[in-house]
Amino acid sequence: GKGAAGTTWYGYLRSFYQVIQFIGAVVFGGFLDRYGCRHGLWVSCLASAVCFLLLANSTNIYMLFLSKVPGLLAHQFLTCQTALSQLTPDGPERTAAFGRLITAYTVGGVIGPLAGGRLAADNDYYTSAKIAVVGSLLCVALSVFGLPSRMERSVVRADTPLVEEGNGEAAPAPAAEEEPKLLPWKERAIKICSLVGWLIAMRVVMTTVSGMVQAAQAVVLKNELDLTAKQMGTLMSIQFGFFALVSGFLLGPLTRYMGGRARPVVMKCLPVVMMGYFVQAILRSKTLGLLDGLSGIAQTYLFVGVSMISVMFAMSMATAITTESTGIIPKEMKGSLLGLEHGIFSGSRILSPSAGLWMLNAAGSSFMYGFTGVVYGLIFLFWIMFSERLLPAAPKKAGNAENEEEAGSTVEMRKCCA
């Protein structure tokens with residue numbers, strides 16, 4: 001409904017869904033390692049269909065909450081990201097693939113709300129959900145019949161039947177004896193944290209402070225820059241289009257130009273992102289008053305321009321870190337890694353919007369941007385001091401067995417997509 005009560009319940013609903021995603025992502029990452037991305041994708045799409053089916057039949061607030069529960073298994077982006085991490089070689093090519101995946105979801109994020117808003121113009125809030133059910137079921141069919149069987153998992157699990165060798169010792173069945181063993185989830189989590197836990201922690205901090213700023217941006221645009229709802233909608237569409245362009249066409253070349261590997265990319269991107277927030281803090285400072293002589297539209301263009309440049313480099317940095325972490329973790333644990341990452345990020349998104357709006361109201365936008373710049377500055381110092389000793393050395397260009405296997409995977413993926 002409308003009014004404060006409706007807004008409050010909407011906030012509860014969003015927080016509830018983030019909790020669902022937080023729990024589900026961690027569990028679903030292990031599911032992907034055990035059963036593979038082909039099964040993961042159709043299960044995820046089927047869960048989405050159930051979500052939309054419940055939504056299409058919701059008659060009260062409790063049904064709306066119930067419609068979010070199947071979201072425990074609705075992790076299409078996680079599944080696709082895991083598949084790409086397994087089918088592309090480590091480095092800029094994987095970064096570019098991740099970027100194109102982000103572009104696909106960004107385009108969907110623009111078209112979906114636009115179409116849904118038009119369908120709901122006559123107070124019909126159920127037609128779009130029914131269409132989404134059909135679309136999700138179509139994705140289930142495409143996942144079952146359109147994806148190659150090689151995307152199913154084939155590892156030695158803890159419960160693999162053992163056969164007795166001539167010396168009386170038990171061993172895995174011959175058909176799977178050369179495949180890596182799938183560790184129990186707890187052991188996988190410990191190994192992941194020991195290898196890339198510091199990278200995950202760094203991403204969590206960056207995601208949290210960036211989420212604070214993003215949540216407050218709409219308030220800054222409306223209250224401080226006096227934008228109308230129509231202007232804000234146009235601006236958001238421009239930003240989405242820009243991010244889609246960067247992700248799909250510039251992320252790979254930009255990352256390759258900056259060095260390809262995480263260390264040189266982050267070393268170049270972190271100062272740009274940090275300075276972007278400091279510039280925003282200076283521009284929004286009422287004490288300095290640097291924008292007093294500019295028109296409102298000029299202030300808006302300057303504010304948005306600096307923000308978009310910062311986000312472009314932040315996207316390159318975040319994707320390079322994910323590429324690096326998936327390169328460090330063994331292939332049979334990439335789903336668990338990405339599931340753990342997605343779960344933690346969902347958890348941070350539960351608190352960051354409220355924290356950002358609280359800081360904006362308590363201290364103002366200039367302090368908020370300055371605080372975020374300081375956090376990125378501390379991360380930059382940490383990266384300078386410790387990244388070289390914590391990150392593995394870059395692999396030699398000469399082909400080795402692992403690189404040849406990944407290259408073969410890439411060729412097979414391209415054949416499947418041809």
Side-chain angles (χ1 to χ4, degrees), residues 29 32 37 76-107 192 195-196 198-200 202-204 206-207 210 242-273 308-331 333-335 337-342 345 379 383 387-388 390-397 399 402-414 417:
L32 294 175
C37 294
Q76 292 92 330
F77 186 83
L78 165 60
T79 305
C80 293
Q81 202 174 34
T82 301
L84 289 178
S85 72
Q86 294 174 345
L87 296 171
T88 56
D90 185 21
E93 184 172 344
R94 182 176 298 168
T95 302
F98 283 162
R100 288 190 286 271
L101 178 63
I102 295 171
T103 296
Y105 273 80
T106 302
V107 172
I192 288 170
L195 292 173
V196 296
W198 68 280
L199 282 174
I200 296 175
M202 195 174 78
R203 283 286 312 277
V204 168
M206 291 192 293
T207 300
S210 298
F242 175 74
F243 298 153
L245 175 66
V246 170
S247 300
F249 302 100
L250 300 181
L251 198 56
L254 185 63
T255 303
R256 191 177 292 108
Y257 174 76
M258 290 189 291
R261 308 296 302 186
R263 189 169 192 275
V265 171
V266 175
M267 195 71 78
K268 294 178 177 67
C269 289
L270 262 176
V272 177
V273 178
M308 291 171 71
I309 292 173
S310 296
V311 170
M312 178 176 70
F313 281 90
M315 289 171 62
S316 298
M317 177 171 59
T319 308
I321 292 174
T322 300
T323 300
E324 188 74 25
S325 61
T326 55
I328 296 172
I329 294 297
K331 184 176 181 179
M333 293 195 297
K334 293 184 190 295
L337 163 68
L338 292 170
L340 188 62
E341 280 192 359
H342 281 249
F345 297 156
I379 294 173
W383 191 263
S387 63
E388 187 172 7
L390 291 174
L391 286 174
K396 296 180 181 180
K397 291 186 177 181
E402 183 177 350
N403 289 339
E404 288 175 4
E405 179 185 352
E406 288 189 328
S409 297
T410 307
V411 172
E412 288 190 44
M413 182 181 70
R414 287 171 177 167
C417 297

Which heavy atom of C37 sits nearest a heavy atom of Q86, and at what distance? SG-OE1, 3.8 Å
Mind running side-chain contact (heavy atoms from CB on, under 4.5 Å) on I321 and M206 for me, showing each step along the way? CA-CA 12 Å; I321 292 174; M206 291 192 293; 3.8 Å; yes
Euclidean distance, S85 OG relative to I329 CD1, rounded to 0.5 Å: 10.5 Å
When rounded to the nearest 0.5 angstrom, what distance separates CG in L270 from CE in M317? 4.5 Å
L32 vs L78, side-chain contact (heavy atoms from CB on, under 4.5 Å): CA-CA, chis, key distance, verdict: CA-CA 9 Å; L32 294 175; L78 165 60; 4.1 Å; yes
Gap between atom CD1 of I102 and atom CD of Q81 - 0.5 Å precision: 7.0 Å
Could you verify whether a donor N or O on one side chain and an acceptor N or O on the other, from T323 and R94, lie under 3.5 Å apart? no
Work out which heavy atom in A320 is nearest to a heavy atom in V265; give both atom names and the distance. CB-CG1, 3.7 Å
side-chain contact (heavy atoms from CB on, under 4.5 Å) between L338 and F77: does it pass, once the steps are laid out? CA-CA 10 Å; L338 292 170; F77 186 83; over 6 Å; no
Closest non-hydrogen atom pair between L199 and S325, with its separation: CD1-CB, 4.3 Å
Work out which heavy atom in A97 is nearest to a heavy atom in T88; give both atom names and the distance. CB-CG2, 4.2 Å
With rounding to the nearest 0.5 Å, note down the distance linking CZ in R100 to CG in L84. 8.5 Å
Look up atom CD1 in I200 and atom OG1 in T322, then write down how far apart they are to the nearest 0.5 Å. 9.5 Å
Would L390 and W383 count as a side-chain contact (heavy atoms from CB on, under 4.5 Å) here? Give the steps. CA-CA 10 Å; L390 291 174; W383 191 263; over 6 Å; no
Restricting to non-hydrogen atoms, name the atom on A314 and the atom on V273 that form the minimum distance, rounded to 0.1 Å. N-CG2, 3.7 Å
Please find the pair of heavy atoms, one from R263 and one from S387, that lie closest to each other, and give the distance. NE-OG, 2.9 Å
Would you compute the distance between atom CD of E324 and atom OG1 of T95 and round it to the nearest 0.5 angstrom? 9.0 Å
